[in-house]
There are 2 protein chains.
Amino acid sequence: MHENDESPLTRKLAAFVALSDAELSVLERLHQRRRSFKVGTDLVHQGQSDRAAYILSEGWVCSYKIQPDGTRQIVDFQIPGDFLGLRSVLLRTSDHSFEPVVDIRAAEVLAADLLEAFAQTPRLATAILWAASRDEAMVVEHLVGLGRRDADARMAHFLLELGSRLALVGMGGRAGYDCPLTQYHLADALGLSAVHVNRVLRQLRERGLVTFRNGRVTFDDYAALIDLADFDPAYLDQSGPLLKW
Amino acid sequence: MHENDESPLTRKLAAFVALSDAELSVLERLHQRRRSFKVGTDLVHQGQSDRAAYILSEGWVCSYKIQPDGTRQIVDFQIPGDFLGLRSVLLRTSDHSFEPVVDIRAAEVLAADLLEAFAQTPRLATAILWAASRDEAMVVEHLVGLGRRDADARMAHFLLELGSRLALVGMGGRAGYDCPLTQYHLADALGLSAVHVNRVLRQLRERGLVTFRNGRVTFDDYAALIDLADFDPAYLDQSGPLLKW
DNA sequence: CGCCAAGTTGATTGGCATCAAGAAATGTGG
DNA sequence: CCACATTTCTTGATGCCAATCAACTTGGCG
């Protein structure tokens with residue numbers, strides 16, 4: 001597909017375990033069934049229906065819950081290399097829905113294939129479970145942000161986290177990254193109103209910290225932003241744990 | 001220990017799968033190494049240290065994260081029958097700390113024992129993973145509450161959720177339940193100030209919905225409370241999924 | 001009996017939502 | 001390629017929810 005056939009997931013996992021050729025080819029085989037989804041077509045991932053997971057290879061997705069009163073809370077965003085609905089393959093739980101933020105391409109993974117891959121290559125299984133556990137840690141961090149950070153710090157923390165995640169799959173760095181999210185997405189994720197998101201972004205820009213504009217996030221003062229957000233990327237990188245295996 | 005030797009965990013799992021005698025005895029064996037912890041003695045569960053999990057059999061625990069600015073966000077409470085640090089056994093992640101709310105009694109479970117139990121009784125493994133997935137769903141629901149519910153609804157939802165969880169292990173019902181939490185605990189869990197927690201509780205009491213007093217939660221108008229909280233216990237019960245196995 | 005944690009209540013402040021209205025960007029069909 | 005429609009973004013004005021500050025009360029306990 002691309003010049004090198006390295007998928008974002010491969011790239012992400014490789015950052016934490018050195019995968020053998022055999023493991024790489026098993027991983028590759030998981031990417032067989034490619035599918036596309038357009039914005040607007042909800043990936044209805046409601047429990048009972050299908051028991052497939054996806055590996056996102058291109059584009060962004062958000063997972064969310066709708067409240068009875070109509071408001072929406074975005075639980076997390078998925079970027080290339082992330083799993084969609086991994087849990088609902090292994091167990092039969094799927095408490096939230098998925099919606100593409102932009103047109104996406106993803107590989108469908110059947111439960112059987114995944115379990116077989118796990119059986120064949122335990123190290124790969126460990127790596128994937130590590131990724132899943134990292135996702136959980138992000139949800140927890142998100143919860144902490146909603147509970148105990150004000151709007152500025154929340155936004156700063158969010159933009160930094162996204163930057164770190166994207167850097168892992170080669171889609172961003174200290175300078176910034178391309179970001180297809182609208183201010184409404186930010187609002188629904190951060191528990192703010194869209195109007196206030198706009199004000200917060202303006203303020204961060206005017207303070208010379210970060211610029212969110214035209215689908216691009218630019219870090220103007222990385223260090224100061226980290227300071228404002230009290231950002232500690234330990235929960236993302238966890239560098240070390242897997243290397244020992 | 002008690003009149004019948006049924007542990008809270010057994011009781012909880014039994015609500016979702018009918019466990020065979022063999023499975024029950026394996027479960028029993030996991031409860032061998034009993035330990036006690038007193039209030040104040042933090043269960044330092046910081047990643048690297050020990051790789052044991054606990055099954056809580058008596059008392060309450062909270063899991064939390066401390067922010068650099070000193071504020072605390074409680075991620076969840078554990079009640080009898082719940083696991084502590086299950087994830088950190090399987091993976092080496094432990095992003096938050098545990099602290100007893102009252103003196104507790106718990107069974108220590110070594111990674112090896114757990115894995116062996118899983119190998120022996122797949123159905124038990126499924127049941128335990130179901131419980132873990134339920135925990136995750138609760139964290140997500142908590143996140144939604146922080147992002148999109150006002151103080152009243154948040155409190156109401158929290159008290160209802162706790163009631164449902166306790167009912168599952170026979171420690172409460174529609175009438176109410178004993179609750180050792182302080183208003184500070186509620187504040188740290190709900191992302192509110194302790195002062196405001198007090199006001200919200202008073203208001204709920206005066207509206208005839210629920211009374212939180214002297215370590216006891218009393219539901220004065222269950223239906224109205226559910227209505228206020230938009231409480232849908234689907235994410236807790238998930239009745240059905242496991243029964244099919 | 002006196003101490004300390006937990007709970008209670010009032011007064012004041014401030015962060016963020018809401019309402020409202022317009023400007024810019026993006027998309028769409030003719 | 002333009003006219004028009006629909007998002008998306010932007011900014012101001014106003015009000016409310018919940019934080020903060022400050023006392024005071026209550027209850028448990030050595």
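Naming: A, B, ... by sequence-line order, numbering from 1 per chain. The analysis underlying the following values was restricted to heavy atoms, covering all of them including side chains, and did not include hydrogens, waters or symmetry mates.
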Review point. Would one find a side-chain N or O of N198(B) under 4.0 angstrom from OP1 or OP2 of dT8(C)?
Key: yes
Review point. Under 4.0 Å between a side-chain N or O of R213(B) and OP1 or OP2 of dT8(C)?
Key: yes
Check your understanding: Side-chain contact, heavy-atom cut-off 4.5 Å: S97(A) with Y64(A)?
Key -> yes
**Study point:** Heavy-atom check, side chain of L186(A) versus side chain of L192(A), under 4.5 Å
**Key:** no
Counting heavy atoms from C-beta on, name the nucleotide in [options] closest to the side chain of [X].
X: R202(A); options: dG12(D), dC9(D), dA17(C); result: dG12(D)
X: T182(B); options: dT8(C), dC16(C), dA6(C); result: dA6(C)
X: Q183(A); options: dT10(D), dA18(D), dC16(C); result: dT10(D)
X: V195(B); options: dC16(C), dT9(C), dA18(D); result: dT9(C)

Grab the [atom1]-[atom2] distance between [X] and [N] for me, whole Å please.
X: L201(B); N: dA6(C); atom1: CG; atom2: C1'; answer: 13 Å
X: D69(B); N: dA19(D); atom1: CG; atom2: C1'; answer: 14 Å
X: L186(A); N: dT8(D); atom1: CG; atom2: C1'; answer: 12 Å
X: N214(A); N: dT10(D); atom1: CG; atom2: C1'; answer: 14 Å
X: E206(B); N: dT8(C); atom1: CD; atom2: C1'; answer: 12 Å
X: R216(A); N: dT8(D); atom1: CZ; atom2: P; answer: 21 Å
X: R199(B); N: dA11(C); atom1: CZ; atom2: C1'; answer: 9 Å
X: H196(B); N: dA19(D); atom1: NE2; atom2: C1'; answer: 9 Å

Practice item. Could you tell me whether R207(B) atom CZ has more than 12 heavy atoms of other residues or ligands within 6.0 Å of it? Key: yes
Check your understanding: Looking for any heavy atom pair under 4.0 Å, which part of the strands does G215(A) touch: base, sugar-phosphate only, or nothing?
Key -> nothing
Practice item. Take the angle between the ring planes of F219(B) and Y222(B) and call it parallel below 30°, perpendicular above 60°, tilted in between. Key: perpendicular
Practice item. Classify the ring geometry between H157(A) and Y235(A) as parallel (under 30°), tilted (30 to 60°) or perpendicular (over 60°). Key: parallel
